[in-house]
*Asks:* 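Attaching a single structure in structure tokens format; questions to follow.
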Amino acid sequence: MSMPAYAELIAASNFSFLRGASHPKTLVLTSILRGHAGLGLADRNTVSGVVRAWTALNHLRDDGWSPPEKLREGGSPGEIAWRDDPLNTPALSELVKARALGFRLLTGARLAFEDGAPDVVAYPEDRAGWGRLTRLLTLGNRRARKGDCLLRFEDLLSAPEGLMLVLAPDRETDPLKPWLERLNEARPGAVWLGAVMHRRGDDRRRLAQLRALSAQVGTPLLATNDVLYHDAGELDLQHVMTCIREGVPIDQAGRRLLANGERWLKPPTEMARLFSDVPEALAETLEFLKRPIFDLSQLRYEYPEEPIPPGRTPQDWLSELVDRGLPVRYPEGTPAKVRATLDKELAYVGARDLAPYFLTIHDIVREAENRGILCQGRGSAANSAICYVLGITTVDPASHDLLFERFMSADRNEPPDIDVDFEHERREEIIQYIYKRYSRERAGIVATVIRYRPRSAIRDVGKALGLTEDVTARLASTQWGSWGADIPDARIEEAGLDPTNPMIRRAVDMAGRIMGFPRHLSQHVGGFILTRGRLDELVPIGNAAMPDRTFIEWDKDDVDELGLMKVDILALGMLTCIRKALDLMRFHESADYDLATVPAEQADVYDMLCQGDSIGVFQVESRAQINMLPRLKPRRFYDLVIQVAIVRPGPIQGDMVHPYLRRRNGQEPVIYASPKPPHDPNELQKVLDRTLGVPLFQEQAMKVAMVAAEFTDKEANGLRKAMGTFRGDGTLHTYEDRMVGRMIERGYDPDFARRCFDQIKGFGSYGFPESHAASFARLVYVSSYIKCRHPAAFACALLNSQPMGFYAPAQIVRDAQEHGVEARPIDVNHSGWDCTLEGPRGAPALRLGMRQIDGFREEWADDIVLARAQPFDSVEGLMRRARLPVAAIRKLADADAFRSLGLDRREALWEARRLPDDDALPLFAAASTRELGEELDANLPRMALGEHVAADYQTIRLSLKAHPMAILRPAFAEEGLLTCAEVEARRSGSCVRTAGVVLVRQRPGNGKAIFITLEDETGITNLVLWVPVFEEHRRVVMSARLLGVEGTVEKSAEGVVHLMAQRLFDRSAELNRLSSDHETAIQLSGADEFVHPQHPRNLRVLPGSRDFH
Amino acid sequence: MDPHALAEGLSPGMTLADARARLPELRAEHYEPDADATLMGRLLDDFGRFTPMAALDAPHGLILDVTGCSHLFGGELALGQAVRARTTRLGLTARLALAGTPQSARALCRFGSGGLFSADSARRAIRALPVAALEIPDRDTQALKRAGLKTIGEVDDRPRASLAARFGAVLPTRLDRLLELEDARITPHRPAAPITSDRVLLEPITEDSHVETVLGDLLVEVCALLERSGLGARMLRLRLFRVDDGVRWLEARSARATRDPVKIARLFKERMAAEGEALDPGFGFDHLRLEVVRSEPLAAEQTAFDQQPSRSKALGDLTDRLAAKLGEGSVLRIEAVDSHLPERATRWRPTSQAINTDKASSTAGPTPVRPLRIFEPPQPIEAIALAPDSPPARFRWRRVDHRVVSSEGPERIEGEWWRRRERVRDYYRVEDAEGRRFWVFRAGRFGEEPPPRWYLHGLFP
């Protein structure tokens, strides 16, 4: 029996947020498997899912059906959808491939109106139609608040050209006739009436009515199943999603749920049976497909031409800019090597037609320069001589290896990649400049698809299933951090719940199924897309939650897939800090530098780094990096590039760190893994010579796949994509057999092959390419230079750029003091809002600013500075002259900022209490005289040092008076507890007891150990807790602010000291002895994972995300 | 937080999740201020045994003014012991303090460790109390502590003017009250009198009609009392004391608060009729008492000009009367429930209970046709159907064969999987050769194992 011909033309994917219950690619694959002739993907008022479906179809056409995944061992979310599919075989894969070639994918949207009109599914028939559709959706999006779309039927009727319209069958909007007639008038010949058979009881009667209606109006009847999910078994998931959307638990959802589970992709035979009364409706689906249909491949991208002066071609304008830039970069004449490189690059750029891309970036960077905003590019194309000469980067190609050359030689059809980092406090200016320069019709921020993660999945699903907040919170909290793909039973037990309990089981299972589903769209941190024509005719634009921001519906993968140009405008805290430091140096120390002119390769800077003295330095300030520095001993720029990249998931998971270190230290010969004859035994040497034969960078891992496993361009591209995005589309594992197998086949050591792939998997969770490392390494060097030569300016700039980086102000100030900087307290007669430098040129002192005071406002500080023509001599005088509210005065008194008036904290507070209310009596105000009479001395009790310290910590989070541990020291010394410095001095293997305040707690990677950093008045101690010890002392670790430890000292060859903890004691109560009225608030580092669960990208070594985006 | 939890290092103000992270075996109970308040109210009444001058010190304290009472218990010490014995018997932990003024006793109890104080010892003890005992706003307490003034004594030693300049006049006043320099009396709690009315009769009565007459008089009084206190009765009890010591009683309930004597009289009349002989006056009743057992606030009502009661009020009165006559559970009404499953779509509710009136917010369009009469549980039938979506060609119900001549369907309803696994149902409306119309369904899919079963679920008129 031959299969009836049918195509499902109304299908919603899970990009119809909380409505559709299947991924777009699952819908495509399933309809091909079930023998449909095509698929119409129409999500509710959005086209955000269509690129994924389109990509999936292209993939099936090229490669057939990828082998099914083997086991779910964590991995990334999206894999779920493939799990239940029938077993795949090579034959089936070929069949899928063959069918995919003839399969037609319609990409459109389901328009849901706000004015009571029935839904209309719209498919563009040509490029112009697509533009109409996206403009229509843009109109609806811009009218609504973020995430909503307000469309009216009129909007569609006014511009329906180029669209094929299907009136979706909807009982709510009976009678349909007037709507259908209006639609048909607006777009005669391209309107259909959809009919469904959802087993609602009166299906056949209704079908007859619709048939009559379609004949009457003259619009063909179109059979459809109005699909919401790919398989019948997904009904329960759809129910739960409905509950989440409606915000009701499932047992109260009632008829908000679908009555039955009919809305899946039914096979053509079933559809033919259901529509046996009107076979013409079934046949119409094929007629529909025969019409001209718009395909996403018809989107042609054009670069904007703003930056190019009239009459010039992009290419010769770029050449001219390069020529103009050369004398600036090379005042002593361009080295021949650079000239040659430039010519080669320009030729390559010309051949690939990339000049407008470089010009656009150049234009943005120029604007930043004009505004005095520091910025730096990174990425594959950024490491070119062109970018250096144009001022986009500061990594001099004359003295470093040329990464772009490697990019050019890679014969991949990969779009060039330049991300530009800007000062985080001023990035918004650049963003608004881009909107202004290219207009909102032509510039938009790329979307980020917010997906269900374990935490959010269990929270939403649990709530929908009626679990109490308490239980879902406990389930959600079982995850360490917010990552991981599944919730294992052990974790459920850990939360004190029973994994065999059916309610819990169901919630966890469903959370597993919904994981990876898109939840909503949000804006990307800074990915801009710019076009020559109207952007809203390319993709719909919507409002972001932030004012003055708009973003498009596609995310960066979609944009890549369609080959659109993206410019990443990112914010980097360290650039703010460096700019502030450079300004301070110029003003206070007559040292005038910019990013590019900071003296390179200074030995004392590297000496400092080799000692692990890197608090505050960009990228290498984390514990793990500080430990690595003495082992790696960076002596030149390229060492920093490696330093930045080596403490990352990739090299760690691939077990590449130790081999590299051994080779570097000469403990192991540098040999290159090689294949058996007849293959070239030195084939990997070219790839790995910079890193002593050990692959460390993402590019190298890729290159190994291409060279050693003979990956084709296409395979390599697929692999790059699979690992390039940490969200992962779950296809990475499919490359494992291919790569490892082929390498072994070609004679590589199986262990090496496996490690190479493990490394790629590591890059999968967060890839770190050399091209980014190089740009970062420059900032590492510059910040190290400033820290080394100008510690006061460095600390001052760091404090003024907070929040950023790894360390709290207390550690930054302390580090500066240890480097000989005098730190001076906040004082109303000396401080401004920001921290400042004062005193002798050359060796200035650091004056803390009022920004350190909790809850203080910038405008108060500014008023104080403005009113400070003469020194303030009384609290009341300050209040009147600076027109401060009483609250501000109290905060200043609390922060002990009246010392220059001869008042300590307590006296100042007592005085401040007496101040009149904020509205001064008009008479006094007019006379600007004192209002308060003299008063007898209250003779307040003297404040003890401990109390001052505690109060300092409470108000400004640090104390220049003493370390809390110093005050507690006599008691601890009596107990025989050592200081951190004493611990450091002990021999390896000694058993010691010590105590300190907790700075940061981390549980890296595999989680077998917990790292805690303690601090006292003499320094820091790094604790290592093995998991059994941690479990035993869990409560102490979670709660202690002051921790007592018993353990063994362990010293590495490089002199890095760790204390292997055996017993822990919560000594926080001691802190309370400092003061009964102040809580000694020890500020945990932003990297603390117990207080701030970390994103996996940052989990191990990266500073807080604020610094990184 | 109990002492055990405190010993484990938990502290008030901690979030539950934090506490759980430290102590997974933690048991958490909801704080129920209302229940606590009720308990304290009962305690207050109970402690009226020690003094008539008792007042609540919300939320968890009581203040007893025992001036002139202690000798009744054998002195202050004995009184203290008696109070402690009482609280211990009630299973409570209490801290007691006895001092010259309510404020000082309260401070010593709350911020000190309690005890019996003479004027001198009280002053000393109070001076040693922390400044929190002043119970001024937290900011001010904090400010005092920051200034190094941590005890009442230290504050007391500063000039009153300096303090008033910084903390307002309230601080010196508080200080004086604490230090017993000023006395502010408590406002004692007096339990509200129950609304009740009595008639003692010279001649015992036996006739129902006489009882009704007396009841009418009582009702007028009770309803006047209700009106004065802005209340309406939900439940009243009439006690009838027999000459020979026996007591009979009747209760009347109303679905809505009321103080309409005519309506209440009617309710009692229905009850009396329902009781009938059981009321048995014997030698007659010589004392009748009417008490309001349960009441609710009820605003004064304004009647319309035409004096016609509204329809809903009339219906409410009717159901009240029926319920009075037949019993609470006998008068029910149907409530709509939002569910696809027909047998779950309605629910019976006693009329006296509030009804769920929110409309089902369905987007699935109008509900398909349902029969008025539904069998619960559905009746199994034997039926034959030919194809997946076809209705039964014939079926047998209660030994009678029905040949189906016309039908419509299927209407498919999925089971509520989150309750229990149920088979999917396909409903058909069918009409047999005699023109009778049935609502039948097949449980399970066509061709499924075990084979689907057929049921009759309802009849169409």
Side-chain angles (χ1 to χ4, degrees), chain A residues 170-172 174 198-205 235-236 239 246 250-262 273-274 465-466 470 473-474 477 494-496 506 890 893-894 905-907 909-910 913-914 932 935-936 938-943 947 951 1034-1035 1038-1039 1066 1076-1078, chain B residues 8-9 14 16-18 20-26 28 130 139-140 142-143 145-150 154 157-159 161-162 165-167 337-340 344-345 360-369 387-389 408-414 416-419 424-429:
Chain A
D170 191 345
R171 285 164 191 265
E172 289 278 283
D174 276 348
H198 282 161
R199 294 193 164 97
R200 293 271 298 166
D202 57 351
D203 285 351
R204 291 183 63 190
R205 186 175 353 172
L235 174 67
D236 51 353
H239 275 165
E246 299 278 335
I250 195 153
D251 54 356
Q252 285 164 36
R255 286 177 298 142
R256 278 170 273 212
L257 304 176
L258 295 176
N260 59 36
E262 299 301 300
R273 201 179 57 70
L274 288 171
L465 289 175
D470 193 31
R474 276 155 80 184
S477 69
E494 214 168 83
R506 182 180 288 147
R890 289 198 186 152
D894 252 343
R905 162 179 283 128
R906 194 165 268 179
E907 291 153 349
L909 265 177
W910 193 246
R913 286 298 309 194
R914 191 160 81 106
L932 301 175
E935 195 182 39
L936 281 176
N939 239 333
L940 299 173
R942 223 178 60 80
M943 197 167 182
E947 249 180 300
R1034 185 186 187 97
R1035 209 180 311 157
M1038 300 295 272
S1039 61
D1066 185 351
S1076 51
D1077 306 319
H1078 301 277
Chain B
E8 288 287 341
M14 194 175 248
L16 186 58
D18 274 3
R20 279 244 160 75
R22 298 187 191 187
L23 212 62
E25 64 274 22
L26 183 78
R139 288 175 295 130
D140 293 347
Q142 196 65 22
K145 290 205 269 183
R146 293 267 178 99
L149 308 180
K150 305 197 176 184
E154 281 171 332
D157 291 344
R158 310 294 142 187
S162 275
R166 288 172 175 82
F167 301 96
V337 179
D338 192 12
S339 172
H340 289 296
R344 293 184 52 86
S361 44
S362 167
T363 50
T367 314
V369 187
D389 278 337
E408 181 163 48
E411 180 194 347
R412 178 167 287 186
I413 299 178
E414 209 76 30
E416 296 187 336
W417 52 266
W418 56 93
R419 285 179 218 282
V424 65
R425 300 178 195 173
D426 280 336
Y427 279 91
Y428 297 89
R429 296 162 65 199

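Reminder, nothing fancy here: chain letters follow the sequence lines and each chain counts from 1.
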*Asks:* Taking all atoms of both residues into account, what is the closest heavy-atom pair of R906(A) and K145(B), and its distance?
*Replies:* NH2-O, 4.2 Å
*Asks:* Please rank A147(B), A345(B), A143(B) by heavy-atom pairs under 4.5 Å with chain A and give me the top one.
*Replies:* A147(B)
*Asks:* Using side-chain heavy atoms (C-beta onward) and a distance below 4.5 Å, is V369(B) in contact with D202(A)?
*Replies:* no
*Asks:* How many angstroms lie between atom CG of D338(B) and atom CZ of R256(A), to the nearest 0.5 angstrom?
*Replies:* 6.0 Å
*Asks:* How far apart are the closest heavy atoms of G148(B) and P941(A), and which atoms are they?
*Replies:* O-CG, 3.3 Å
*Asks:* What part of E907(A) is in contact with chain B, defined as an atom under 4.5 angstrom from a non-hydrogen atom: side chain, backbone, both or neither?
*Replies:* neither
*Asks:* Atom CG in L258(A), atom CZ in R412(B): separation rounded to 0.5 Å?
*Replies:* 13.5 Å
*Asks:* Would you name the heavy atoms of L235(A) and E414(B) that are closest together and state the gap between them?
*Replies:* CD2-CG, 3.5 Å
*Asks:* I need the R890(A) CZ to R139(B) CZ distance, nearest 0.5 Å.
*Replies:* 7.0 Å
*Asks:* Is the shortest side-chain heavy-atom distance between I250(A) and E416(B) below 4.5 Å?
*Replies:* no
*Asks:* In terms of heavy-atom contacts, does CZ of R506(A) have more than 12 from other residues, nucleotides or ligands at under 6.0 Å?
*Replies:* yes
*Asks:* Indicate yes or no: at least one non-hydrogen side-chain atom of R419(B) is less than 4.5 angstrom from one of D251(A).
*Replies:* yes
*Asks:* Over 60° means perpendicular and under 30° means parallel, so classify the ring planes of W418(B) and H239(A), tilted if in between.
*Replies:* perpendicular
*Asks:* Between R273(A) and chain B, which part of the residue has a heavy atom less than 4.5 Å away: side chain, backbone, both or neither?
*Replies:* side chain
*Asks:* Counting heavy-atom pairs under 4.5 Å with chain A, which one of I413(B), D426(B), D389(B) comes out on top?
*Replies:* D389(B)
*Asks:* What part of R429(B) gets within 4.5 angstrom of chain A, counting heavy atoms only: side chain, backbone, both, or neither?
*Replies:* side chain
*Asks:* Is the backbone of L257(A) close enough, under 3.5 Å, to the side chain of H340(B) for a donor and an acceptor to pair up by distance?
*Replies:* yes
*Asks:* Which heavy-atom pair separates L149(B) from L940(A) by the least distance, and what is that distance?
*Replies:* CD2-CD2, 4.2 Å
*Asks:* Taking the basic N atoms (NZ, or NE/NH1/NH2) and the acidic carboxylate oxygens, is any pair closer than 4.0 Å for D140(B) and R913(A)?
*Replies:* yes
*Asks:* Within the 4.5 Å heavy-atom criterion, are D203(A) and P410(B) side-chain neighbours or not?
*Replies:* no
*Asks:* Counting heavy-atom pairs under 4.5 Å to chain B, which of R905(A), M943(A), R204(A), R205(A) comes out on top?
*Replies:* R205(A)
